[in-house]
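Have a look at the structure below, then the notes.
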Amino acid sequence: MDKEGYSSVYIQRSGRKRDGCGIFYKRERYMGLYLRMQLYYSLNKTELILEETIEYNDLVPANEDPENSDKVKDEENIDTNNSDGTLPGSPQTDLPEDRGDPNDPRVRLKRDCVGLLTAFKLLEPPHHVIVLANTHIYWDPDWADVKLAQAKYLLLRVTQFKDAVSERFSCKPIVIVAGDFNSQPGDEVYRYLTSGISESSQGYSSIGNEPEASERSPIALHSLYSFIGGEPPFTNYTPGFTGTLDYILFSNPEHMQPVRFLRLPSVESPDIQGGLPNENHPSDHLPIGADFEIR
C-alpha cells in the first residue's frame, strides 16, 4: 500500500485474533477506507489531523468481584470470537459453554472488537473537516444485546470525537461511519444507527459500566444505499448465509451528497456463483463504496 502512495491508520483486535480495522488514504490525491470491503472517497488533498481507537472491551464492568477474579481471567483468556470466515446463521465452533458464563457481563461484553476514529482536513476545498470512523461489530445473532451495546458505544465515541475535533479546530465536521455491523436491515442495531432510536433498554447503559445514556442516538446518520434508493439485497454471500451486513453511514446530507456509488452484483451474477470467497472476490463480503460531493 505504501508503494501505491497510501498511508494508513490501523488497530488490531484485542485477544488472539489477528484481524482488525484499517483506514487507508492516498497521501496526495484520495482518501480511502478499507475494512474487508473497499470504500473510496474522491476527496482531493487531505491531511490526517487526529485519530483515536475504540476498544469495545471498555464496556466490561470495572468493579470485579474478588471471589470470581481468577474465574473471569480464565474466561477472558478463552478465544471467544469466531473467525472472519464464520458467518451468522452458519454452524459455530465456539459453543456457549466455550464462552464462560453468558450472564456475567465481564464475560459477555468481552468480545475483543475494535474500531477507529480519524479526522481529515480537506485542503481542496479548504476549511472542511471530515470525521471518518470504521468498525467491526460482534457477529453472533443470539447476542443482539452485545451488538447493540457496541453500536451505542460507537456513536457515543463518534460524537465525543466530533465535538473534540470541532472545538480544537474551530470547525463543524461532517461524519462518515462505515463497517461490518453484522446486522441486517430491520435488526435493532440497524434501526438504532439509521433512526437514532433504540426500542430496547439493552445496551451498554444496562449491561456495561458506562453512565446511563439516552436511548436516542447522539448523532443523526443516513445509510448511503438506503439514501439513494435502498439497501443492496446482500453484501455477504456464502453457501450458509446471504444478507446485508455492511453499511456506509453519513451525516449532514445538506453539506455532503453521494454522487456515485458502487453497484453490487446480483444473485445471478456468474462471478459469485457457489458463494464467496472465490477467485473473483477474495472476501466473503462484497465491496461497497461511494463518491461524495462536499458543498
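Both backbone and side-chain heavy atoms feed into the values below; hydrogens, waters and symmetry mates do not. Remember, predicted model here, so these are calculated numbers, not experimental data.
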(message) For Ala133 versus Leu117, what's the shortest heavy-atom pair and its separation?
(response) CB-CD2, 3.6 Å
(message) I'd like to know if the side chain of Asp180 and the backbone of Ile137 have a donor-acceptor N/O pair within less than 3.5 Å.
(response) no
(message) I'd like to know if the side chain of Ser226 reaches the main chain of Ser223, judged simply by a donor and an acceptor atom lying under 3.5 Å from each other, with no hydrogens or angles considered.
(response) no
(message) Please find the pair of heavy atoms, one from Ser198 and one from Glu188, that lie closest to each other, and give the distance.
(response) OG-OE2, 3.1 Å
(request) To the nearest 0.5 Å, tell me how far Tyr56 OH sits from Lys110 NZ. (result) 15.0 Å
(message) Using 0.5 Å steps for rounding, measure from the CD1 atom of Ile54 to the CZ atom of Phe161.
(response) 9.5 Å
(message) Do Phe261 and Ile248 have side chains that approach each other closer than 4.5 Å (heavy atoms only, starting at C-beta)?
(response) no
(message) Between Asn278 and Asn280 (side chain of the first, backbone of the second, donor and acceptor by atom type, cut-off under 3.5 Å), is there such a pair?
(response) yes
(request) Give the minimum heavy-atom separation between Val165 and Pro173, together with the two atoms involved. (result) CG1-CG, 3.9 Å
(request) Any chance you could lay out the side-chain contact (heavy atoms from CB on, under 4.5 Å) test for Ser217 and Tyr192, step after step, and finish with the verdict? (result) CA-CA 7 Å; Ser217 167; Tyr192 178 72; 3.9 Å; yes
(request) Answer yes or no: is there a donor N or O on one side and an acceptor on the other, between the side chain of Ser183 and the main chain of Phe181, under 3.5 Å? (result) yes
(message) Using only atom types and a distance under 3.5 Å, with no angle test, would you say the side chain of Thr46 pairs donor to acceptor with the backbone of Leu122?
(response) no
(message) Minimum heavy-atom separation for Ala151 and Leu193, please, with both atom names.
(response) CB-CD2, 4.4 Å
(message) So does Val189 get a backbone contact from the side chain of Asp187, meaning a donor-acceptor N/O pair under 3.5 Å?
(response) no
(message) Are Tyr247 and Tyr225, when compared by the centres of their aromatic rings, separated by less than 6.0 Å?
(response) no
(request) Check for a donor-acceptor pair, side chain of Gln150 on one end and backbone N or O of Tyr138 on the other, with a separation under 3.5 Å. (result) yes
(request) Determine whether more than 12 heavy atoms belonging to other residues, nucleotides or ligands lie under 6.0 Å from atom CD of Glu167. (result) no
(message) Quick check against the 3.5 Å criterion: does Asn134 have a side-chain atom that pairs as donor or acceptor with the backbone of Gly22?
(response) yes
(request) Given side-chain contact (heavy atoms from CB on, under 4.5 Å), test Glu51 with Val9 step by step and report yes or no. (result) CA-CA 8 Å; Glu51 62 182 270; Val9 183; 3.3 Å; yes
(message) Within this structure, what is the CD-OG distance for the pair Glu47 and Ser7, rounded to the nearest 0.5 Å?
(response) 11.5 Å
(message) Any carboxylate oxygen within less than 4.0 angstrom of a Lys/Arg side-chain nitrogen, looking at Asp104 and Arg106?
(response) yes
(request) Could you tell me how the ring of His222 sits relative to the ring of Phe227: parallel (under 30°), tilted (30 to 60°) or perpendicular (over 60°)? (result) perpendicular
(request) Report yes if the side chains of Ile130 and Phe292 come closer than 4.5 Å at any heavy-atom pair, otherwise no. (result) no
(request) Indicate yes or no: at least one non-hydrogen side-chain atom of Leu286 is less than 4.5 angstrom from one of Pro265. (result) yes
(message) Within the structure provided, determine whether Phe234 and Thr238 are in side-chain contact (heavy-atom separation under 4.5 Å).
(response) no
(message) For the OG atom of Ser251 and the NZ atom of Lys172, what is their distance to the nearest 0.5 Å?
(response) 12.5 Å
(message) Let me confirm one number: the CZ-CZ distance from Arg16 to Arg18, rounded to the nearest 0.5 Å.
(response) 13.0 Å
(request) Would you please test His136 and Cys113 for side-chain contact (heavy atoms from CB on, under 4.5 Å) and show each step? (result) CA-CA 6 Å; His136 189 180; Cys113 301; 5.8 Å; no
(request) Taking all heavy atoms of Asn103 and all of Pro105, pick out the closest pair and write down the distance. (result) O-CD, 3.4 Å
(request) Taking the side chain as every heavy atom from C-beta outward, state whether Leu221 and Val158 have any pair of such atoms under 4.5 Å apart. (result) no
(request) Could I get the full list of salt bridge (Lys or Arg N to Asp or Glu O under 4.0 Å) partners for Glu293, not counting sequence neighbours? (result) Arg295
(message) Between Ile294 and His255, is there a side-chain heavy-atom distance shorter than 4.5 Å?
(response) no
(message) I'd like to know if Glu4 pairs up with Lys26 as an ion pair, taking the criterion as any Lys NZ or Arg NE/NH1/NH2 lying under 4.0 Å from an Asp or Glu carboxylate oxygen.
(response) no
(request) Spell out, as yes or no, whether a donor-acceptor pair under 3.5 Å connects the side chain of Thr235 to the backbone of Asp246. (result) yes
(request) Considering only NZ, NE, NH1 and NH2 on the basic side and carboxylate oxygens on the acidic side, decide whether Arg13 and Asp112 come within less than 4.0 Å. (result) no
(request) Search all heavy atoms of Ile228 against all heavy atoms of Pro258 and return the closest pair with its distance. (result) CG2-CG, 3.8 Å
(message) In terms of relative ring orientation, are Phe120 and Tyr25 parallel, tilted or perpendicular, with 30° and 60° separating the classes?
(response) perpendicular
(request) Dump the intermediate steps for side-chain contact (heavy atoms from CB on, under 4.5 Å) on Ile176 and Val131, then the final yes or no. (result) CA-CA 6 Å; Ile176 298 174; Val131 167; over 6 Å; no
(request) Answer yes or no: is there a donor N or O on one side and an acceptor on the other, between the side chain of Ser269 and the main chain of Asp271, under 3.5 Å? (result) no
(request) Taking only Lys NZ, Arg NE, NH1 and NH2, and the carboxylate oxygens of Asp or Glu, determine whether Asp145 and Arg108 approach each other closer than 4.0 Å. (result) yes
(message) I want to check something: taking the side chain as every heavy atom from C-beta on, are Thr118 and Leu48 in contact at a cut-off of under 4.5 Å?
(response) yes
(message) Do Leu116 and Thr53 have side chains that approach each other closer than 4.5 Å (heavy atoms only, starting at C-beta)?
(response) yes
